Engineer: 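Handing you this structure, nothing more for now.
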Protein chains: 2
Amino acid sequence: MSSAVTRARIVEIADRLFYERGYQHTSFADIGAAVGLSRGNFYYHFKSKDSILDAVIESRVASTRRMLAEWETEHDDPADRIMRFVEIVVTNGPDIRAHGCPVGTLNTELAKLDHALRGRARELFTVFRTWLRDQFALLGHADQADDLAMHVLTFSQGVAVLSNAYRDEEFVRREVDRMRDWLSTYSR
Amino acid sequence: MSSAVTRARIVEIADRLFYERGYQHTSFADIGAAVGLSRGNFYYHFKSKDSILDAVIESRVASTRRMLAEWETEHDDPADRIMRFVEIVVTNGPDIRAHGCPVGTLNTELAKLDHALRGRARELFTVFRTWLRDQFALLGHADQADDLAMHVLTFSQGVAVLSNAYRDEEFVRREVDRMRDWLSTYSR
DNA sequence: CAGACCGTAGGACAAGCGTCCTAGAAGATC
DNA sequence: GATCTTCTAGGACGCTTGTCCTACGGTCTG
């Protein structure tokens, strides 16, 4: 099979495993078994575990950008776009209850490891942050847009951690409602 | 040295290392080196790594209860007590920026590992949750006390994750201010 | 002083890890 | 069809992990 295709499959599966079990707790052998490749053969595609992580982060950044761009075409009102983000914790509820937020948990893990790719992982937050900032600016709050963006991120991370700990769907719904009320005071 | 004293020292040091570097990433050898004991000798005090974790969680639960009891003697107004909790993210700012919230990150890690002690770690959240609930009940909001308690926890976890990712002190301050305003609508 | 007991040191162990190597299969090129 | 490149299998390597064992130095009891 072509190298590019195999590489993409490795990244896709590593992405899922890193999310579900964490980076440290996912071994070369795990990825190899899931992809259907021998462990040693990995070295042809990726020279180290870190380089797989790097590719996974890059892939996540790209797909996040795609998703946000799509939301912009689907909603004209920036407030609707922001709510679309807020509701991720409902839309992806089952995954988040089981494994937390992909962005938050990766950042938390890499911070503990003092990992070289910590900075790259933070970019994932920044993609959302700048996008949210832009939406608040469009709503006429350019002066405090970044602050409001960070507040929305704070909400989503808090909900993710606690819904993961308690596996409580109702709690998520109540927090989303609260967020909707808060957001309405910043809408047109 | 007496067994009880050594045991307590192991727990104390393991507690710190688990917080700073994560559970998985802390080895028997690490703890041994930090305590000043040979690796093998550990088996005299703890029969497994999990049993150390269990002791660490127990110790954290106990010290959290002590702290909360102390806050009750220091503040008569439940709103002041809640603010004392809210301000943890400022008081322990440097640690949280460096290593996240001890409770949140442990729960997140154990969830990924699908670890047997996940439930015990959740107790740490519950200690805060029930205490906050009691404070809101004292403020006359018994009907929605648990919901409000969870909202405060959501705030603290969200702030912890993001201040850890961005190492941003100003952000924390702004979120605490926002929380203070929100809380004032529930005070007497 | 003799013996029992508590705490320790240090290494053996099997397994798993990330990394690396080599030989061969598969496929493309001429 | 021969040759060269691309991809793969499978295992060796050195290291670290959690676990376990045995033998030694202290301390206290009779």
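Every chain is numbered from 1, with letters handed out A, B, ... down the list of sequences. Fair warning: this is a prediction, and the values are worked out from it, not measured in the lab. Computed over heavy atoms, backbone and side chain alike; hydrogens, waters and symmetry mates excluded.
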Engineer: Is the phosphate of C:dG7, meaning OP1 or OP2, less than 4.0 Å from a side-chain N or O of B:Tyr44?
Structural biologist: yes
Engineer: Looking only at the side chains, is there a donor atom on one of B:Ser27 and B:Asp30 sitting less than 3.5 Å from an acceptor on the other?
Structural biologist: yes
Engineer: Using whole Å, report how far CD of A:Gln24 lies from C1' of C:dG18.
Structural biologist: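 Going from CD in A:Gln24 over to C1' in C:dG18 covers 14 Å.
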Engineer: Rounded to whole Å, please give me the gap between CD1 in B:Ile10 and P in C:dG7.
Structural biologist: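 For the pair B:Ile10 CD1 and C:dG7 P, the rounded distance is 11 Å.
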Engineer: Between D:dT8 and A:Thr6, is there an OP1 or OP2 to side-chain N/O distance shorter than 4.0 Å?
Structural biologist: yes
Engineer: Would you tell me if any nitrogen or oxygen in the side chain of B:Tyr43 comes within less than 4.0 Å of OP1 or OP2 on D:dC20?
Structural biologist: yes
Engineer: Whether A:Ser38 contacts D:dT8 is assessed here as follows: a side-chain N or O lying under 4.0 Å from the phosphate OP1 or OP2. Is that the case?
Structural biologist: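 Looking at the OP1 and OP2 atoms of D:dT8, neither is under 4.0 Å from any side-chain N or O of A:Ser38.
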Engineer: Return the orientation label for the B:Phe125 and A:Tyr166 ring planes: parallel under 30°, perpendicular over 60°, tilted otherwise.
Structural biologist: tilted
Engineer: Starting from C1' on C:dA9, measure out to CG on B:Leu37 and report it in whole angstrom.
Structural biologist: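 It is 10 Å, rounded to the nearest whole Å.
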Engineer: So what does B:Thr26 touch, heavy atoms closer than 4.0 Å: a base, only the sugar-phosphate, or nothing?
Structural biologist: sugar-phosphate
Engineer: For A:Lys47 and for A:His25, locate the closest nucleotide of DNA chain C by heavy-atom distance; then report the residue assigned to the nucleotide nearer the 5' terminus.
Structural biologist: A:His25
Engineer: What is the separation between atom CZ on A:Phe46 and atom P on C:dC17, rounded to the nearest whole Å?
Structural biologist: 19 Å
Engineer: For B:Phe28 and C:dA14, what is the distance between atoms CZ and P respectively, to the nearest whole Å?
Structural biologist: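 Rounding to the nearest Å, CZ of B:Phe28 and P of C:dA14 are 19 Å apart.
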Engineer: Write down the distance between NZ (B:Lys49) and P (D:dT16), rounded to a whole number of angstrom.
Structural biologist: 15 Å
Engineer: Checking B:Lys49 against B:Tyr23: charged group under 6.0 Å from the ring centre and within 45 degrees of the axis?
Structural biologist: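 Satisfied, under 6.0 Å and within 45°.
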Engineer: Over how many whole Å does the gap from B:Arg9 atom CZ to C:dG7 atom C1' extend?
Structural biologist: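 Distance, rounded to whole Å: 13 Å.
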Engineer: Apply side-chain hydrogen bond (donor to acceptor under 3.5 Å, both in side chains) to A:Gln24 and B:His25, showing your working.
Structural biologist: CA-CA 8 Å; A:Gln24 298 177 88; B:His25 195 232; 4.9 Å; no
Engineer: Would you mind reading off the distance between A:His45 atom NE2 and C:dC20 atom C1', rounded to a whole angstrom?
Structural biologist: 15 Å
Engineer: Relative to the ring of A:Tyr19, is the ring of A:His99 parallel (under 30°), tilted (30 to 60°) or perpendicular (over 60°)?
Structural biologist: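 Rings of A:His99 and A:Tyr19: perpendicular, over 60°.
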